[in-house]
Amino acid sequence: MLCIRDWASAVLIVGIAGDNRASIPLGASGDPIRLEPSDLALSGTLSMELIDLTFQAATLRYDLPNRHREVESGKQALTVHFDATSRKGGNWQVFATDLLLVGPDGNAIAADDVGIGSLAGTDEGVTTPDLWMRFIVDEMPAGDFTLKLTPGSWFIGEDGVTESTFDFTIGQ
C-alpha cells in the first residue's frame with residue numbers, strides 16, 4: 001500500500017540505492033532526472049601493422065543493457081563503437097585486457113567489457129563491423145582521452161610495434 005500525504009512534493013524514484021536512479025516529480029515542482037543515453041561524435045582509426053580499429057561513434061549511458069543493470073552512482077558507461085580490420089591470417093582476438101582508456105587526469109581505466117569475439121583475417125585484410133568496447137568513467141566526463149591497444153603477440157607485426165593509441169576529446 002502506498003500512502004502519499006503531500007502530492008506537491010512527492011517524487012517517484014526508479015532504481016536501487018548505490019546505482020544511478022531516475023526520479024520523476026509527481027507534483028508540479030521539481031525537475032525529473034532522466035538518465036537518457038547520449039551519443040558522442042567519434043571517428044578516426046587506431047592502426048598497427050596487422051590490425052586497424054576504425055571508430056564510428058561513442059555512447060554515454062547510465063545502464064549496462066547486456067547485463068540488465070544500472071551503473072553505480074556517479075559513473076557512466078562509455079561505449080566506443082568500431083570496425084576492426086585484421087591483416088593476420090586465421091582467427092584472432094582482442095581482449096578487454098588489451099585495452100586501456102587514459103583520462104584527462106592521467107588515470108588509466110581498464111575496459112569493463114568488449115563485444116569483439118573472433119576476428120577473421122587475411123594478408124589483404126578482413127573487416128569485422130559493429131564491434132564495441134566499454135569503459136566505466138566518472139559521470140559527465142569531459143576532456144582529452146587516449147585509448148590504448150596493446151594486443152596479444154599475434155597482432156605484433158614485423159615492425160615490432162606492440163602498442164597503438166587513439167586520442168579524442170569529450171565535451172569542451
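Values below: all heavy atoms of this structure, side chains included; hydrogens, waters and symmetry mates excluded.
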_Taking the side chain as everything from C-beta on, heavy atoms only, tell me whether Val94 gets closer than 4.5 Å to Val114._
no

Of all heavy-atom pairs between [X] and [Y], which one has the smallest distance, and what is that distance?
X	Y	answer
Ser86	Ala120	CB-O, 3.4 Å
Thr85	Gly125	CG2-CA, 4.1 Å
Ser47	Asp52	OG-OD1, 2.9 Å
Leu53	Met133	CD1-CE, 4.1 Å
Ile170	Pro141	CG2-O, 3.2 Å
Met140	Gln76	N-OE1, 2.7 Å

How far does [atom1] of [X] sit from [atom2] of [Y], to the nearest 0.5 angstrom?
X	Y	atom1	atom2	value
Leu50	Ile156	CG	CD1	8.0 Å
Glu158	Glu49	CD	CD	6.0 Å
Leu131	Gln56	CG	CD	9.5 Å
Leu64	Glu72	CG	CD	10.0 Å
Leu60	Leu40	CG	CG	4.5 Å
Ile109	Asp138	CD1	CG	7.0 Å

*Would you mind listing every ring pair (Phe, Tyr, Trp, His ring centres under 6.0 Å) that reaches into residues 48-88, with sequence neighbours excluded?*
Phe55-Phe166

Give the cluster check for [X] versus [Y]: same hydrophobic cluster or not, with ILVMFWY residues linked at side-chain heavy-atom distances below 4.5 Å.
X	Y	result
Trp154	Leu99	yes
Leu149	Trp92	yes
Val102	Phe135	no

*Under 3.5 Å, is there a donor-acceptor pair linking the side chains of Asp144 and Thr169?*
yes

*asked:* Applying the side-chain contact (heavy atoms from CB on, under 4.5 Å) criterion to Leu101, which one of Asn107, Thr146, Val137, Ile136 satisfies it?
replied: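 Of the listed residues Asn107, Thr146, Val137, Ile136, the side-chain contact (heavy atoms from CB on, under 4.5 Å) partner of Leu101 is Val137.
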
*Among Thr127, Ile51, Asn91, Val126, find the residue that satisfies the side-chain contact (heavy atoms from CB on, under 4.5 Å) test when tested with Leu119.*
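Considering Thr127, Ile51, Asn91, Val126, a side-chain contact (heavy atoms from CB on, under 4.5 Å) with Leu119 is found only for Ile51.
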
*Would Lys75 and Asp112 pass as an ion pair if we require N to O under 4.0 Å?*
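Asp112 and Lys75: not salt-bridged.
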
*asked:* Check this for me, if you would: do Asp123 and Arg87 make a salt bridge, where the nitrogen-to-carboxylate-oxygen distance has to be below 4.0 angstrom?
replied: no

_Does the plane of the ring in Phe145 sit parallel, tilted or perpendicular to the ring in Phe168? Use 30° and 60° as the thresholds._
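It falls in the parallel class, under 30°.
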
*asked:* Applying side-chain contact (heavy atoms from CB on, under 4.5 Å) to Phe155 and Met48, what does each step give before you reach the verdict?
replied: CA-CA 8 Å; Phe155 278 125; Met48 294 181 73; 5.7 Å; no

*Hey, does the side chain of Asp83 reach the backbone of Asp130 with a donor-acceptor pair shorter than 3.5 angstrom?*
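Yes: the side chain of Asp83 pairs with the backbone of Asp130.
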
